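These notes are about the structure you will find just below.
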Amino acid sequence: MQQASEPPLLRMRGVGKAFFGVRVLDDVDLDLHPGQVHALVGENGAGKSTLMKIASGVYQPDAGTLELSGRAVTLPDPRAAQAAGIGIIHQEFNLLPERTVAENVFLGREPMRRGLVDRRAMHDRTAELLAGIGETAIAPQTRVGRLGVAQQQVVEIVKALALDARVLIMDEPTAALAEHEVELLYALVRRLQQRGIGILYVSHRLTEVFDLSGRITVLKDGRRVTTLDTAEATADTLVRHMVGRELSHYYPERAAPGGAGAARLRLSAAGNGRLRPVDLELRSGEVLGVGGLQGSGRSALARAVFGVDGFRTGQLLLDGVPVRVRSPRQAVRAGIAYVTEDRKGEGLALSQSVLDNALLAQHAVRPRWFARTARATTVRELLDAVEVHAAGTGQEIRYLSGGNQQKVILARWLAMKPRVLLFDEPTRGIDVGAKAAIHDLIRKLADDGAAVLMISSELPELIGMSDRIVVMRDGAIAGELPAGSSEEAVMGLATGAATSTEVPA
Amino acid sequence: MSTELATSTTPAVKAGLGGGGRSGWGAGSIRPVLIILVLLLVAVGIRQPDFYDPPVLLAFLKRAAPLIILAAGQYFVIVAGDFDLSVGSLVTAEVVIAARLIDGDPAATWPVIALLLGFGLLIGLVNGVVTTLLQVPSFITTLGMYLVLVGAVYTWTGGSPRGALSEEFRMFGRRGIDGVPVLGQLPYAVLVLAGVAVLAVLAMRSDFGKVLLAVGDNPRAARLAGARTARIRTIAFLASGLAAAVAAILLGGFGGVSFQVGQGLEFTAITAVVLGGVVLGGGRGSVAGAMLGALTLQTLLTLLNLLGVSGALSSAVQGLIILAAVAVGTLRRRT
């Protein structure tokens, strides 16, 4: 893929950046060639997003140079980067949902004819661009709000292409996608590649990196650790470069066979608008994994148990006693904890301190007038025990990394001593090091007698952590699998391509 | 001069640290308003050299007390993410009701005061329930309540206030404990203010206060942590209604009974709260900041008055302060 004769599309040399005296990027080199997918990997805080922002004109480097096709450039602002042919696809899209695809693509530079927007030219040009990347299913006249996430992503890409982007930076492009949409993105990336576009691909998910990229740059603590051809790399070596640890240490040991105790939580024919009647048993001491595609009812199940959108029919028993859970408050009082997948949107009060976030459930459910200092001390100890790294417990939680924020939420629930814990994507958007720590904590909770239900889209995590796996499809449980089942078995049940006996290759 | 300043600011700083305020420069911090306040106090002191004589200073605090109390009430609502636009007309309604019911009869004073406090709580309750259970945006709920109260008061009185307040009732706004060493007269209004301030700061340092901040910051997260968000927000409206009742009792003592007594106070209170570093939309800022904001606003109005600026300009000044404080708050948050 690499043409040595041509200068690279984008060449970064010795790039450095510091904020308020803290060096976040130091002496980083990177070459991106036409038609190349260059993966950028590293833990959170390794400097990936800073590097991306320098390449797209958001930040100015303190040191180093940028070259585009052999010419030295400076990119004083994002507009300059666009004009120079650098497009960026953010995790969160910059689209106007009430406008059409074509209007979004040509926003602010609509083709004009006799002083009016030339809609036909705009639509034709958009259709052309869509066809050029093989996306004929999207009509330029469609309102963007009516499109699915994957199609909106396509619109973002077309927006960049309409500006003649030759370098495309993609920031965690699969983060927002459902599993079956990821394949579509893969195909799209390959077509862009064929058109000679260079793609800088930033992702946490190593599978994608191996599937798509030709070359990989690993960043750690703001420095480039190594750059290597994907063909030479293995998941083990990459993770070692990222954290200095072997992949095999990744998941804690499962519960001993027969280690699970009595049934803590039992659902019998429990259903609501989103769930067909579900029968499920969750035992003390076990981690029950819940797999399935997005929208299969995994989160709806956890949210129903926690009383967010409660069950309408059937029964919920806690330690054998029927319980009615009609609000999160009742769930918390009954000894249930829920760690949401949307940490910032639903998990944290971002402007409040680390300590107040850790104490939130206690403040809300068990308000006290006395012994408040003792309670705060206990929570501080918990925060230490789960190894939260913060400037202090008074620091605003927004400034913590995703992994540390998640640990604070864990501490919040640990302080409530729950009987049942529900985790929804517990390690989404969390760097590798913190991920392992959270896995260890989840296992320890189970070992201490809690019943744990863990939803995960990441198959290695689901399989590595769970003592049993149930897979959901269309709001119902499609099947149950034992510990250590294969990814194919899970996907087979999730997609409905197979029953648990029939597994496609 | 420095001793008075020290005594008036020290508890506020402490409360700021404990009550969800930030000690630094960021949005929600009380440091900027403290600096503005000190500068204004210096300016007033230059213009009116006897301003720092204890009796003069106490008289000033007495005049500022209703606004500070209203700002404390408004703070609870704003920090939970809502607005209370009904407080101005509620103050008017309370004073008019008091005059008509007391009608100069000293024996009616205490029952009527109890009734006024209850009426404030009732209006707060209605505001809270309509906002949380019927899910009407508080801006609309309290604007509606504002109009309802204005209309109801006019209708009830037939167009002009009737009756008179008793001397006992006016005592809270006018009189004080005489013969206090150094200070001379210690006005009851200042005592009431101190009581309200202590209660407000304690409330924000309690578990309730923490949850209130969390509800304003992220209601979904607060709910998922087990908070009864509707109840918490309703309590904030109750606090605001009660504060309006207390402010009305003080204001009734200051001046005469008229339909103008509460006019525009809702905006003055919101200006004060915002000036105190409290972020509109909720979740950031301390009640001490809100009260300091009210004191600062009162000082500014006093200074403008001393400089001979027309009173008509004061609403323009308030408008500019709201715009500037929100804009600066947004900038500070962004960095």
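These figures come from a predicted structure and were not determined experimentally. Chain letters run A, B, ... following the sequence lines, proteins first and then strands; every chain starts at 1.
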Assign the ring pair B:F139 / B:F83 to parallel, tilted or perpendicular, where the plane angle (0 to 90°) is split at 30° and 60°. perpendicular
State whether a side-chain donor-acceptor pair under 3.5 Å links A:Q406 with A:T427. no
Given a strict heavy-atom distance threshold of 4.5 Å, which part of A:R372 is in contact with chain B: side chain, backbone, both, or neither? side chain
Among A:V365, A:L348, A:T340, residue most engaged with chain B (heavy-atom pairs, under 4.5 Å): A:L348
Pairing residues for B:A239 by the side chain to side chain contact (heavy atoms under 4.5 Å, CB included) criterion, not counting sequence neighbours: B:F76
Is it the case that the side chain of B:Y75 and the backbone of B:G285 share a donor-acceptor pair, with hydrogens and angles ignored and the cut-off at 3.5 Å? yes
List in chain and number order the residues that pass side chain to side chain contact (heavy atoms under 4.5 Å, CB included) with B:L199, two or more places apart in sequence or in another chain; answer none if no residue qualifies. none
Quick one: which of A:R375, A:K344, A:R343 has the most heavy-atom pairs under 4.5 Å with chain B, could you say? A:R375
Does the side chain of B:S138 come under 3.5 Å of the side chain of B:D84 through a donor N or O and an acceptor N or O? no
Using non-hydrogen atoms and a limit below 4.5 Å, what part of residues 228-235 of chain B faces chain A? B:R228
Only pairs at least two apart or in different chains count here, so list each salt bridge (charged side-chain N to carboxylate O under 4.0 Å, His left out) that has a residue in residues 322-336 of chain A. none
